[in-house]
Amino acid sequence: MMKEGVKSRSYPLMALFITIAIGIGISGYGYYRLQKAHITRHAFEELSTISELKAHELSGWRKERLGDGEVIAKNRSIADEVKRLIADSSTARATQSMLTWMESLKDSYDYHEVLLVDPDGTIRLPASQKGKLEKGVLEYLDESVKAKAPLLNRFYNSKKDGAVRLDLIAPIFDWDSESRPVIAFLVLEIDPYNFLFPFIQKWPTPSKSAETYLVSRDGNEVTYLNELRHRKDTALKLRFSLSSSNKEPVAAMAVQGKEGVVEGIDYRGVPVLAFLGAIPESPWFIVSKVDISEAFAPIRDSAKLIVLMAGLMVALAAAGIGFFGSHQRTQLYREQARMLENARIELDLKVNERTAELLKANKQLQDQADLLNLAHDAILVRSIDDRVKFWSKGASETYGFTMKEAMGRITHELLQTVFPQPQAGIRDQVIRLGRWQGEVIHTNALGEKVIVDSRWALQTDSDGKPSGFLEINRDITARKRAEEYLKANMERLELINQELQEFAFVASHDLQEPLRKIQTFCDLTITRCSSSIDDTSQEYLERVINSALRMRQLLDDLLQFSRIAARPKPFEKRDLGLIVKEAAQVFEHQIKETGSRIEIDELPKMEVDEGQMLRLFQNLIGNALKFHSDLAPVIRVSAECERDRYCEIFVEDNGIGFEQQYSELIFRPFQRLHGRSKYEGTGMGLAICRKIVERHGGTIRAESEPEKGSKFIVRLPVEHDLEAA
Amino acid sequence: MENNGIPSVLMADDDEEDCMLASDALKESGKEVEFACVEDGVHLMDYLLEHSGSWPNGLPDLILLDLNMPRKDGREALLEIMPNPVLKRIPIVILTTSKEERDIAFTMNAGAKSFITKPGTFNEWIEIMRSLVQTWLK
């Protein structure tokens, strides 16, 4: 948050700074241009001033020399002296006075040497110089004659001593003659090194590279006439031809007539600023030059200064802005520090709040853990790699391992788990469906086997990834054992039952046999021997038969009774109405004879053993018909069901009824409420009914009042669990 | 059928008295019928197999078969008779004390023609014999 604030504030500052910098830059550059122009102009001016000055001076000097010559040339008395001398060269006095005069010329006008020369160039005086004039002078004598005026020659290298010389040639005329011929020359040798060269080379202002020099053109060559500043021994020696190079020194420009300020290169090839000019009435061109680097050095300096200044200003601006920015930042920081402090205080509060909450939550968790520890069941929490993370008290009690011993252990290793299906499959299932339940065999700390009903639930983290397992195990070892015991017992019971069954069957069957014989042979006796037995005997025999028959019936009933629970047929959903109708059909004949009526209402469909239900209703309906009153028997079969779970079926009759106090007694085996003579029957019918009803998981009871008919209520479940069978 | 043209009835029953009752009742039926009784399935099969070659001579016209006999009971005998191409032509009526559903079902499936539970009175015996004679010995 802080950085953003600073940033957002620094953008305009940056912009401002950039603007200022650009402004400084532009003005700096402008100033630089100004300065450059100024300096350039100044350089030009200086050059031109100096150059023109020199040129002017040189021109003046030439004029002076020529003036000197003129004076000499026009001096008649000298001319006379010369004439006289020539006429009589041996005159020592004339010679001497000439010499003296020549000497005075030398001194006064500062000539190096003064020579009196014949028109053919022979040197007359001084005697020490006798000989011919040098070529450099000689060739100008004719020109002086032609011009009838003094002139200056061009610089040349003296053969005598190699030095550079310039001569003033003053013709001496014969004034007496009309044509005024030249009778002699006065050659005044000038040592340029004396005044000229120094003058030329001198630069009035301190400069490192500036110089002036003279150049002249000889045909296609340019000759440097004086000593150069930057090169030694150049007078008359340094020369170049005009067309030789593409980059001509400024000297070339000068000799070609260029005048004024130029930029070019000098004899060194260095770029120079030069002022060029021609010395009028002379073969001389003057070049005043200064290295551009020197000339414009001020510009560079200026530029440097400007840059420095600009830099300084920019720096200042930057500093200023920076300072401002920093100030702003400081403000921002301060503000943010304040905000931070507030936030911190708030945070503190929140932390305290949260700590309190956490403590509370922790306490809750602790309480929950305590609660978990109350449970008898073993509660384990495992990590995703099956290591114990929580081990409840119940777990310690169940398995005998303390929490310390169990923590971090792999559960199925610790408990030597035997799984009902491959462990990988269980794990997959839990991860896929989140749950698993099954019976698992563990081994406790004592090495004993513990059978548990194990329920697993998958723990997931906030991303929904599996993070562990919750396992709750209930020790069912005792139950299992009991179950097995029960199962074993039941199997035994079943076996016994079956044996009993067979026994009952066989017994019944084998007991039936003799009874049948009794019955049959008594009957035979009665029918075949009727002639030989009296009525009493017949009656006795009939009683025997009846007894036999009763016993046979009893045996049948007993057999039926014994069979009801023992040979279970699976329950199937049946329409009770159809069963009851079928049961009633057995008594069809009887019903017709007695004028009875059986009303069968809508009866439900129920899960029953059809055969046994048939027996049940046969017994009930049979009873209702048997125990009729004087009225024609009316039997009503109806049903009431509650919530499709249980139904009560009512068999009502209008028969003789019985006392309610006997309503339980009548369901006992062999129980009869009436004597044998009144109503036949073995007393097993209702016992059989009760057995059948109980097998179906229901109840049967009777409601009755003497003379008021009876109502039998059969209550049965509509459906059975698998276990009931 | 014996050579003399008189129908014969062969009864297999281990109970002498029942044999006697059957025989007497048969006499009362009105028709002249030859009657013999063997006491178990072994004797029955021996006799039948002995005479099976001379069909129809020597073989009975009706077999009355009790189910519960020693050595070989009626159920076994039934199962031995039925596959036999000659013997199976003889009508077999089960005459037994059993009232069991399963016995009825078994014997009917096995090919017995009728299932009769031994009656308690002699008159019933006579009725049964009369009906059998009428049905099987014409």
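Chain naming here is simple, since letters A, B, ... match the order of the sequence lines and numbering starts at 1 in each. We use all heavy atoms of the structure for the numbers below, so side chains are in, but hydrogens, waters and symmetry mates are not.
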For this session: Sort B:Lys118 into side chain, backbone, both or neither according to what part of it lies under 4.5 angstrom from a heavy atom of chain A.
Result: both

Problem set entry | Side chain proximity check, B:Asp18 to A:Arg516, heavy atoms < 4.5 angstrom | yes

Exercise. Within a radius of less than 6.0 Å around CZ of A:Arg552, do more than 12 heavy atoms belonging to other residues, nucleotides or ligands occur?
Worked result: yes

Problem set entry | Test log, rule side-chain contact (heavy atoms from CB on, under 4.5 Å), inputs A:Asp523 and B:Glu124 | CA-CA 10 Å; A:Asp523 179 72; B:Glu124 283 171 296; over 6 Å; no

For this session: Would you indicate whether the side-chain heavy atoms of B:Thr97 and A:Gln512 approach each other to under 4.5 Å?
Result: no

Seminar exercise, completed: Cut-off 4.5 Å, heavy atoms of chain A, and the answer for B:Glu28 is side chain

Problem set entry | Enclosure of B:Lys113 NZ (heavy-atom neighbours >12, cutoff 6.0 Å) | no

Exercise. So with a 6.0 Å cut-off around CZ of A:Arg543, is the heavy-atom count from everything else above 12?
Worked result: no

For this session: Answer yes or no: does atom CG of A:Asp535 have more than 12 heavy-atom neighbours from other residues, nucleotides or ligands under 6.0 Å?
Result: no

For this session: For the residue pair A:His509 and B:Glu100, establish whether any side-chain heavy-atom pair is separated by less than 4.5 Å.
Result: no

For this session: Could you tell me whether A:Lys573 atom NZ has more than 12 heavy atoms of other residues or ligands within 6.0 Å of it?
Result: yes

For this session: May I ask you to decide if B:Gly120's main-chain N or O and A:Thr520's side chain share a donor-acceptor pair within less than 3.5 Å?
Result: yes

Problem set entry | B:Phe122 and A:Ile526, any side-chain heavy atoms less than 4.5 Å apart | no

Problem set entry | Residue B:Asn123 versus chain A: region with a heavy atom under 4.5 Å | both

Exercise. So what's closer than 4.5 Å to chain A heavy atoms on B:Asp24: side chain, backbone, both or neither?
Worked result: both

For this session: Would you indicate whether A:Met490, at its atom CE, is surrounded by more than 12 heavy atoms from other residues, nucleotides or ligands within a distance under 6.0 Å?
Result: no

